[in-house]
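Here, residue 1 is the first one in the sequence, and each next residue gets the next number. Computed from a predicted structure; not experimentally measured.
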Amino acid sequence: MRVLIADDHAIFRKGLKQLLQEEYPFAEIDEAGDAEELVNKSIKEKWDVIITDLSMPGRSGLDALQHIKQALPDVPVLILSMYPEDQYAIRILKAGAAGYLNKDAAQHDLIKAVQKVMAGKRYISAAVADKIADSLGRDNGKALHELLSDREFDVMKLLSAGKSVSDIASMMSLSVTTISTYRARILTKMGMTSNADLTKYALENKLI
């Protein structure tokens, strides 16, 4: 069994590794400290499961996930994150993740989640399952941020956190013009006029 763990905190990676080795003592476990290293190692070597944080230095977690799934559609990717699962899990699952686990629950549920995604199933908590069930049959009433594409969603979070257009362009390896276009689309879709509006919305909806 070969496992790749990606997180920008070495202590957290060590904790995950210990949990996995208690259940799988002969597993080969490698680590990545940022999104770029995650993508490179994912593609260059063979893995049975990839476990990664959603927010790391470099490219966004959603962008990294989509890149991995394009190259390795059959490798299950389990996302661990501190972000509220009720706001992020459905988007992550739609992007191709095999499961979503809040970091607070990792100590108790990691092995169960790994076993489930390696069996070809999806892992979600009861709360996320309820949210998916609630969304079935709803024709409208989507939250504003659910109208955004994955890339727009990433840009919206960064703008909400106070990052400038030029900062975001540098972080995402895109031009300032491209990020400005994304910002304009985001404001239009969400019916807002300023970054301050985005920040207020993100805080109220626990997106940052």
What I'd like to find out is whether the side chain of [X] reaches to under 4.5 Å of the side chain of [Y], using heavy atoms alone.
{"X": "P76", "Y": "I50", "result": "no"}
{"X": "I43", "Y": "H67", "result": "yes"}
{"X": "Q115", "Y": "Y24", "result": "yes"}
{"X": "L147", "Y": "M190", "result": "no"}
{"X": "L72", "Y": "S42", "result": "yes"}
{"X": "I5", "Y": "L20", "result": "yes"}
{"X": "S194", "Y": "D197", "result": "yes"}
{"X": "N102", "Y": "L80", "result": "no"}

Closest contact, heavy atoms only, [X] versus [Y]:
{"X": "M56", "Y": "D34", "answer": "CE-C, 3.9 Å"}
{"X": "V75", "Y": "K69", "answer": "O-NZ, 2.8 Å"}
{"X": "L78", "Y": "A113", "answer": "CD2-CB, 3.9 Å"}

Task: Stepwise side chain to side chain contact (heavy atoms under 4.5 Å, CB included) check, I168 with L159 - done: CA-CA 8 Å; I168 298 170; L159 289 169; 3.6 Å; yes

Open item on the list: More than 12 heavy atoms of other residues, nucleotides or ligands under 6.0 Å from CD of Q107: yes or no?
Closed with: no

- [ ] Verify the neighbour count for atom NZ of K163: are there more than 12 heavy atoms of other residues, nucleotides or ligands below 6.0 Å?
- [x] no

Task: side chain to side chain contact (heavy atoms under 4.5 Å, CB included) evaluation trace for L158 with M172 - done: CA-CA 11 Å; L158 292 169; M172 302 181 81; 4.2 Å; yes

For the side chain of [X] and the backbone of [Y], is there at least one donor-acceptor N/O pair under 3.5 Å apart?
{"X": "K157", "Y": "E152", "answer": "no"}
{"X": "Y201", "Y": "L144", "answer": "yes"}
{"X": "N205", "Y": "L207", "answer": "no"}

Open item on the list: Apply side chain to side chain contact (heavy atoms under 4.5 Å, CB included) to residues T52 and I79 and explain how you reach the verdict.
Closed with: CA-CA 5 Å; T52 177; I79 302 291; 3.6 Å; yes

- [ ] With sequence neighbours left out, write down each residue that passes salt bridge (Lys or Arg N to Asp or Glu O under 4.0 Å) with K121, or none if nothing qualifies.
- [x] none

Task: D109: salt bridge (Lys or Arg N to Asp or Glu O under 4.0 Å) partners, not counting sequence neighbours - done: K112

Open item on the list: Using the side-chain hydrogen bond (donor to acceptor under 3.5 Å, both in side chains) criterion, which residues pair with N40? Sequence neighbours excluded.
Closed with: none

Task: side-chain hydrogen bond (donor to acceptor under 3.5 Å, both in side chains) involving S55 - partner list, sequence neighbours excluded - done: none

Task: The single option from L4, V77, L110 passing side chain to side chain contact (heavy atoms under 4.5 Å, CB included) against I51 - done: L110

Please report, to 0.1 Å, the donor-acceptor pairs under 3.5 Å made by any side chain of residues 178-188, with sequence neighbours excluded.
{"unit_1": "T178", "atom_1": "OG1", "unit_2": "S175", "atom_2": "OG", "d": "2.8"}
{"unit_1": "S180", "atom_1": "OG", "unit_2": "V176", "atom_2": "O", "d": "3.0"}
{"unit_1": "T181", "atom_1": "OG1", "unit_2": "T177", "atom_2": "O", "d": "3.0"}
{"unit_1": "R183", "atom_1": "NE", "unit_2": "N195", "atom_2": "OD1", "d": "2.8"}
{"unit_1": "R183", "atom_1": "NH2", "unit_2": "N195", "atom_2": "OD1", "d": "3.2"}
{"unit_1": "T188", "atom_1": "OG1", "unit_2": "A184", "atom_2": "O", "d": "2.9"}

With a 3.5 Å cut-off and sequence neighbours excluded, list the donor-acceptor pairs that the side chains of residues 8-15 form with protein atoms.
{"unit_1": "H9", "atom_1": "ND1", "unit_2": "D7", "atom_2": "OD1", "d": "3.4"}
{"unit_1": "R13", "atom_1": "NE", "unit_2": "E31", "atom_2": "OE1", "d": "2.7"}
{"unit_1": "R13", "atom_1": "NH1", "unit_2": "D7", "atom_2": "O", "d": "2.6"}

